[in-house]
Amino acid sequence: MRSRFTGLAVALGIVLTGCGVQPTGVVGAGEPASGLTHGARLYFATAGGLRAVPVGDKEIKDLNTVVKLLLLGPPPGGRADGLTSFVELPGFTATGKGARVTLRLDGAYAGTGRDQGTGQLVCTLASAQSVLAPRVRTDDVEVTVRPSGSAVLGPYRCAEFLNG
């Protein structure tokens with residue numbers, strides 16, 4: 001009986017260690033994941049679509065602050081990584097309540113509503129609103145752009161502008 005258990009143990013050991021799978025090196029899997037992220041992010045345009053950049057050590061107390069940060073453009077080194085900004089705004093006021101954000105403009109809006117600049121605004125404001133209203137998920141936030149003297153754009157969700 002003891003020899004049976006010994007034989008079974010040896011056979012099991014051979015099967016487990018000799019399965020024929022060879023070790024491999026690092027396998028490239030393409031670009032890092034993109035999409036909605038947690039925490040306040042600024043969204044910048046790239047040739048491949050929008051990319052989120054953490055706000056970093058800057059405290060977000062209101063939506064106007066995050067729009068001002070976006071208007072400053074990509075962080076140092078960001079341009080070298082292909083980040084750019086298409087956001088051009090006249091005077092503005094950004095307000096949010098729950099899952100709704102409104103960006104009121106003191107003039108015309110240069111974007112079409114389906115461009116990367118609008119996507120930058122929508123995703124950045126949605127990200128900030130989810131930080132300011134923690135019970136609200138970023139992907140639930142709807143952003144409306146209200147230029148003075150022209151048609152209202154939106155409401156839009158960030159997901160509409162991601163992935164190219």
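We use all heavy atoms of the structure for the numbers below, so side chains are in, but hydrogens, waters and symmetry mates are not. All residue numbers in this chain count up from 1 along the given sequence.
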**Prompt:** Any side-chain heavy-atom pair from S130 and R137 closer than 4.5 angstrom?
**Reply:** no
**Request:** Indicate yes or no: at least one non-hydrogen side-chain atom of L70 is less than 4.5 angstrom from one of L121.
**Result:** yes
**Asked** Restricting to pairs with a member in residues 89-109, which pass side-chain hydrogen bond (donor to acceptor under 3.5 Å, both in side chains), not counting sequence neighbours?
**Response** R100-E142, Y109-T118
**Message:** As a quick check of understanding, evaluate side-chain contact (heavy atoms from CB on, under 4.5 Å) for L71 and V87, giving each step before the final call.
**Reply:** CA-CA 7 Å; L71 289 170; V87 176; 3.6 Å; yes
**Asked** Is there a side-chain contact between V152 and V145 (heavy atoms, below 4.5 Å)?
**Response** no
**Request:** Check P90 against L105 and note the closest heavy-atom contact, atom names and distance.
**Result:** CG-CB, 4.1 Å
**Asked** Distance from T124 atom OG1 to Y43 atom OH, nearest 0.5 Å?
**Response** 7.5 Å
**Asked** Excluding sequence neighbours, so at least two apart, what forms salt bridge (Lys or Arg N to Asp or Glu O under 4.0 Å) with R114?
**Response** E160
**Message:** Within the 4.5 Å heavy-atom criterion, are L89 and V67 side-chain neighbours or not?
**Reply:** yes
**Message:** If I take atom OH from residue Y156 and atom OG1 from residue T144, how far apart are they, to the nearest 0.5 angstrom?
**Reply:** 9.0 Å
**side-chain contact (heavy atoms from CB on, under 4.5 Å) involving V53 - partner list, sequence neighbours excluded** = F44, P75, L83
**Message:** Using only atom types and a distance under 3.5 Å, with no angle test, would you say the side chain of S85 pairs donor to acceptor with the backbone of G73?
**Reply:** no
**Request:** Any side-chain hydrogen bond (donor to acceptor under 3.5 Å, both in side chains) involving residues 63-77? Give me the pairs, sequence neighbours left out, ordered by first then second residue.
**Result:** D62-T65
**Request:** Looking only at non-hydrogen atoms, find the nearest pair between G107 and P147 and report the distance.
**Result:** O-CB, 3.5 Å
**Message:** Nearest 0.5 Å, please: how far is CD in Q120 from CG in L50?
**Reply:** 6.5 Å
**Prompt:** Can you tell me if R41 uses its side chain to pair, donor with acceptor, with the backbone of P54 under 3.5 Å?
**Reply:** no
**Request:** Flag yes if L162 and V101 sit in one hydrophobic cluster, no otherwise; membership is Ile, Leu, Val, Met, Phe, Trp, Tyr, and two members link when side-chain heavy atoms are under 4.5 Å apart.
**Result:** yes
**Request:** Could you list the residues that satisfy side-chain contact (heavy atoms from CB on, under 4.5 Å) with L132, not counting sequence neighbours?
**Result:** I60, L63, Q129
**Message:** Any non-hydrogen side-chain atom of V66 less than 4.5 Å from a side-chain atom of L42?
**Reply:** yes
**Asked** Got D139 and C158 here, is their nearest side-chain heavy-atom distance under 4.5 Å?
**Response** no
**Item:** Side-chain (D81) to main-chain (R79) donor-acceptor, under 3.5 angstrom
**Value:** no
**Donor-acceptor under 3.5 Å (S150 side chain, A108 main chain)** = no
**Item:** Set of side-chain contact (heavy atoms from CB on, under 4.5 Å) partners for V136, sequence neighbours left out
**Value:** A99, A133, V141
